[in-house]
Amino acid sequence: MTAPLGKDLLALEPLTPEQIRLILDTAEPFKEISERAIKKVPTLRGSTIVNLFFEASTRTRISFEFAEKRLSADTVNVGASGSSVTKGETLVDTARNLEAMRIDMVVIRHSASGAAQFLAERIESNVINAGDGTHEHPTQGLLDLLTLRDHFGTLEGRRVCICGDVLHSRVARSNIWGLKKLGAQVGVCGPRSLLPNAVSELGVEVFDRIEAAIEWAEALNVLRLQLERMQGGYIPSLREYNRVFGVTRERLERAPRDILILHPGPMNRGVEIDSDVADGPHSVILEQVTNGVAVRMAVLYLLAGGPPELAEAAKGGSDR
Amino acid sequence: MARDREGGTREQGTGKRNDPTRVVLRGGRVVDPSQRLDATGDLVLSDGKVENFWRAGDTTYGDDYRVVDCDGLVVSPGFIDVHCHLREPGREDVETIATGARAAAVGGFTAVCAMPNTQPVTDNQAAVGFVLRQGQTANAARVHPIGAISLGQEGKALAEFGEMVGAGAVAVSDDGRPVASAHLMRTALEYARTFGIPVADHCEEPTLAAGGAMNEGIVSARLGLKGIPSEAEEIMVIRDILLARRTGGHVHLCHMSTKGSVELIRWGKERGIRVTAEACPHHLSLTEDVVNGYNTNAKMNPPLRTEEDVEAIRHAVRDGTIDLVATDHAPHHYDEKEREFADAPNGIVGLETALAVVIKWLVRPGIIDLATLVDRMSVSPARTFNLPGGSLRRGAVADVTVFDPDREWTVDPARFASKGRNSPYAGHTLQGIVMCTIVGGRIVHQTAG
């Protein structure tokens, strides 16, 4: 049987809408496992998974690790510091060494765009991209889609605006492709210096003013503003960023409707998002985190060759 | 003139047997735009010079002549590459002057100009002399050294152009790096006038290009790679043209890649400013789309651009706005390219595929004819850099390229004479192959069959 997703999950851009729906549908029954007293099923018993995190990460790494453990896989975590990487080993050598240890899957986070694909082309194990440079972060995109779908029922025709540093954001790219494939309308809003020059060719609405984005959108996905962007000369100050682009309660109160607030974390409270928005009634930020584990379980399950019927059974009669 | 003689029964010979410098290229189509010649006949070479051209006839030659059958082949003045990186001294693991000169001969180049970004930098007369000597012992294409503009290519102090020219340098360049200081560029153009050499500039505004890995556009936005905007090149192109106007110096613009650059060069030439420009085969054939999949063999600087840019450069080669084709041959060790895209080095090998790429992407589609190809790859480079060659006139140096413009072949980098394997054309079927390369009347390369 050919795996429904292929060997790897590297990006959302190459996936079909059906493949994305399959992952989201498969995540549904996995949500329930995390609610049990004994949060473990034997699905991946005997599989070995390496979490290869060349870049610091707390949330994504822990989320993957929980997903793996709840599926009973054996996992090893490798960080950049203290590994052979700091001794100058190249990525291709790291890949070959992993391969030689006969592992089943690699979850990779790396600062270089394309690193996950590079690895995937060189080893037979399944590779899951946990964020590569400024390219994509597909499981983050999927958990955002799942969270939005939980609230909207369907993404068809829904208006979602991605706010902030789209230029350097892998989360933004995965969101743009995933949302568009599921039929949503996608907007982006941020200072032009933090949007790709060719942004309009990505098939998105571009908003220069956050007020206009809020008037348009039904959900905002607020990106983290990396503090080094200021040193890089892309924006003058964090203070002004908050004044001009910050998602604040005052701005949301002027919106013609309730707006769902997402944030991939970690948040800079008082910069891109104000605390009373992050902690407010329309914030789904912690639901995203919960869904992250379920989506990653679904991806691991499907890549390991698990039959898609699980998703069928879970679907029921709801409009998905 | 030799070419005016009609064919007939003649005999040539001096009685010297097996003299390797006496060669007859018999029955080929001789294409030499330097004398507006395109005719079938025999080209006779002796003592390192072009001796005669006999129009098609049945001339017989004494057995002191080595006769090469060129029936169905094109015979042209030898190709000249004014821009390649031979890596010696410093990176002999990647290429040496000898292997580079051999790769050049395989590609039909009878002369190449070696860029000075070696380790150490070729920025003084001793270093220039070293490159020249290594080239002379290679027994392949001629190697003309290019000296650095600034000491160590650091963009600060002028290198000693006078002594370097005295030692054999034919131009100066800080290629690989831009000349960031407009003042230094101005001074270089003024100072180079004294010695009658071009200043070849790598046009890249460093603050705009910083950290860039490919063309800035939709592909870089999708792949999440930092882009290099066209303006990084164009800002320096217009700066250099304006400085050439101010100084009267000869600026040669390396590896032009954008439509905007073409328009600016046209503007400069229309005003009689001494600006010449080159384009590389890859910028005439490939677009940024080749980068998809993070293909490091599509990573070079300047980067592959858009179809619109490629189209503009092709037509600029036709109308002469771009004076010549140069390879920017840049070999790298295979494992240097076997890494994350952003960290992989820039550059591809080009000497052995240049002719076939130009034939496939410019001659076959009818953008240029064979005479224009020979002009842009031989006549014009010789004129622009004031080098020997570029003509098959009687008495000219016997640097000749014989090629089959129709024969198809599939690029297999493992078979390159260059040590470099980093080619974006691997697996491509190209048209046009060099059959014979002659330098100073000596055959330095011959393709079987």
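Just so it is clear: chains get the letters A, B, ... in the order the sequence lines come, proteins before strands, and each one is counted from 1.
Interface remark: of the candidates B:Gly217, B:Gly293, B:Pro229, B:Ala342, B:Gly293 forms the most heavy-atom pairs closer than 4.5 Å to chain A. Counting heavy-atom pairs closer than 4.5 Å to chain B, the top-ranked of the candidates A:Ala115, A:Ser200, A:Pro196, A:Gly114 is A:Gly114.
The environment of B:Lys259 atom NZ is sparse: at most 12 non-hydrogen atoms of other residues, nucleotides or ligands sit within 6.0 angstrom. Counting non-hydrogen atoms of neighbouring residues, nucleotides and ligands closer than 6.0 angstrom, the CD atom of B:Glu308 reaches no more than 12 such neighbours.
Judged by distance alone, with hydrogens and angles left aside, the side-chain atoms of B:Arg222 form no donor-acceptor pair with the main-chain N or O of A:Leu202 at under 3.5 Å.
Using a 4.5 Å cut-off between heavy atoms, A:His168 does not touch chain B at all. For A:Gln117, the part sitting under 4.5 Å from any heavy atom of chain B is the side chain, from C-beta outward, and nothing else. With a threshold of 4.5 angstrom between heavy atoms, B:Glu340 approaches chain A through its backbone and through its side chain. Residue contact with chain B, scored on non-hydrogen atoms closer than 4.5 Å, involves the side chain of A:Arg122 exclusively.
Contact annotation: the side chain of A:Ser113 approaches that of B:Tyr294 to within less than 4.5 Å [non-hydrogen atoms, C-beta and beyond]. You'll find the side chain of B:Thr296 stays beyond 4.5 Å of the side chain of A:Phe118, heavy atoms only. Taking 4.5 Å as the limit, every side-chain heavy atom of A:Val92 sits out of range of all side-chain heavy atoms of B:Arg339.
To the nearest 0.5 Å, atom CG of residue B:Asp335 and atom CG of residue A:Asp93 are 8.5 Å apart. Remark: A:Thr134 OG1 to B:Leu225 CG distance equals 6.5 Å, nearest 0.5 Å.
When all heavy atoms of B:Ile218 and A:Ala198 are compared, the closest pair comes out as N-CB, 3.7 Å.
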